[in-house]
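Single-structure report; data block below.
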Amino acid sequence: MARKTYVTKDLVRVVPMRRRLCVAALAATAAVEATAFATVDDLGFEGTGRLAQAALAVGLPAVFASFELFGWKRQVRTFGDAVQIVPVPALLAREGEQRRLLRKTSLFGVCLGVTFSQVLAIQADWPIAALGCVAALLIVLVSTERIRAWERRNGVHLWAFPPTVSWGQADKKGYYSTPAVDPVVTPGTS
C-alpha cells in the first residue's frame, strides 16, 4: 500500500525537531538531576541498589547506542525511501506554523525528560541510575548529527510529522524529503 503524497502544514524538518526534542529533554533531566542530588540524603548506592543503579546507568545508554549503531543501515534505507514532496515553496512558507510545532515538540521533550528522570532519581531514589537518561539523550543527539550529515551528503532535507501530531496515527509515520536547494532553471534548457 503506497503512502499518501500530500503536503501538510504539520510537517517539520527532522534534524531541528530531533535536536530541540533532545536539548529540551536534556535540560529538564539536568534540572531534575540537580534537584535530586541536592536533596538526597544518600545515593542509595549500597546492597542491591548499587547493582541496579549501575545496570541502569550503563545499560540504558548501551541500549540506545546499540539501536543507533545496528539500526543505522535500516534507517538510511528508510531515508532513501522517503516520499518526495514537490511544492517546496509552499512547505517552506509556513515558518510560523513550523516554529509552533517545534515549540510543542520541545514541550514534549521536557515532559519525557522530567518523567523518566523524576521516576528514577526521585521516586525510586536512584539519582545515579537517572544519569543513564542523560547519556542516552546525548547518544540520540549525536545520532541527529549523523542524520544532518546524511542530508548534506545526499542534498535533501528530511521532513516528518512531530510526535505531538503523529502520536497513534499510522498514516503520519515515515519520512518525506525535499531538495536541499531549489534547482536553478536555466532558460532554454529542458
Hey, is the main chain of I128 close enough, under 3.5 Å, to the side chain of Q53 for a donor-acceptor pair? yes
Side-chain heavy atoms under 4.5 angstrom apart, residues restricted to Ile, Leu, Val, Met, Phe, Trp, Tyr: same cluster for V58 and V134? no
Show the numbers, then the answer: is there a side chain to side chain contact (heavy atoms under 4.5 Å, CB included) between V15 and L158? CA-CA 8 Å; V15 171; L158 292 173; over 6 Å; no
Got a second to check how far R99's CZ is from K104's NZ, nearest 0.5 Å? 16.0 Å
Sorted by first residue and then second, give each side chain to side chain donor-acceptor pair (under 3.5 Å) pair with at least one member in residues 133-151; sequence neighbours left out. R13-E151, R18-S143, R18-T144, R19-E145, E68-S143, E145-R148
Return yes when atom CZ of F79 has more than 12 non-hydrogen atoms of other residues, nucleotides or ligands closer than 6.0 Å, and no otherwise. yes
Under the side-chain contact (heavy atoms from CB on, under 4.5 Å) test, residues paired with T105 that sit two or more places apart: M17, L21, P162, P163, T164
Not counting sequence neighbours, list each pair that qualifies as a salt bridge (Lys or Arg N to Asp or Glu O under 4.0 Å) and has a residue in residues 23-36. none
After noting the C-alpha distance and the side-chain angles of L141 and L26, does the key distance pass the side chain to side chain contact (heavy atoms under 4.5 Å, CB included) rule? CA-CA 10 Å; L141 201 54; L26 275 169; 4.1 Å; yes
To the nearest 0.5 Å, tell me how far F161 CZ sits from L101 CG. 10.0 Å
Single-linkage hydrophobic cluster V14~V76, side-chain heavy atoms < 4.5 angstrom: yes
For R74, the side-chain contact (heavy atoms from CB on, under 4.5 Å) test, sequence neighbours excluded, returns R77
Side chains of W159 and T178 only: does a donor on one sit below 3.5 Å from an acceptor on the other? yes
Pairs under 3.5 angstrom only: tabulate donor-acceptor contacts from the side chains of residues 110-120 to other protein residues two or more places apart or in another chain.
residue: T115; atom: OG1; partner: C111; partner atom: O; Å: 2.6
residue: S117; atom: OG; partner: G113; partner atom: O; Å: 2.5

What are the two closest non-hydrogen atoms of P61 and A135, and how far apart are they? CG-CB, 3.4 Å
Under 4.5 Å side-chain heavy-atom separation, chaining through any Ile, Leu, Val, Met, Phe, Trp or Tyr, what else clusters with L60? Say none if it is isolated. F64, I139, V140
Tell me whether L11 is reachable from V83 by hopping between hydrophobic residues (I, L, V, M, F, W, Y) whose side-chain heavy atoms are closer than 4.5 Å. yes
Quick check: closest heavy atoms across A129 and L56, and the distance to 0.1 Å? CB-CB, 3.8 Å
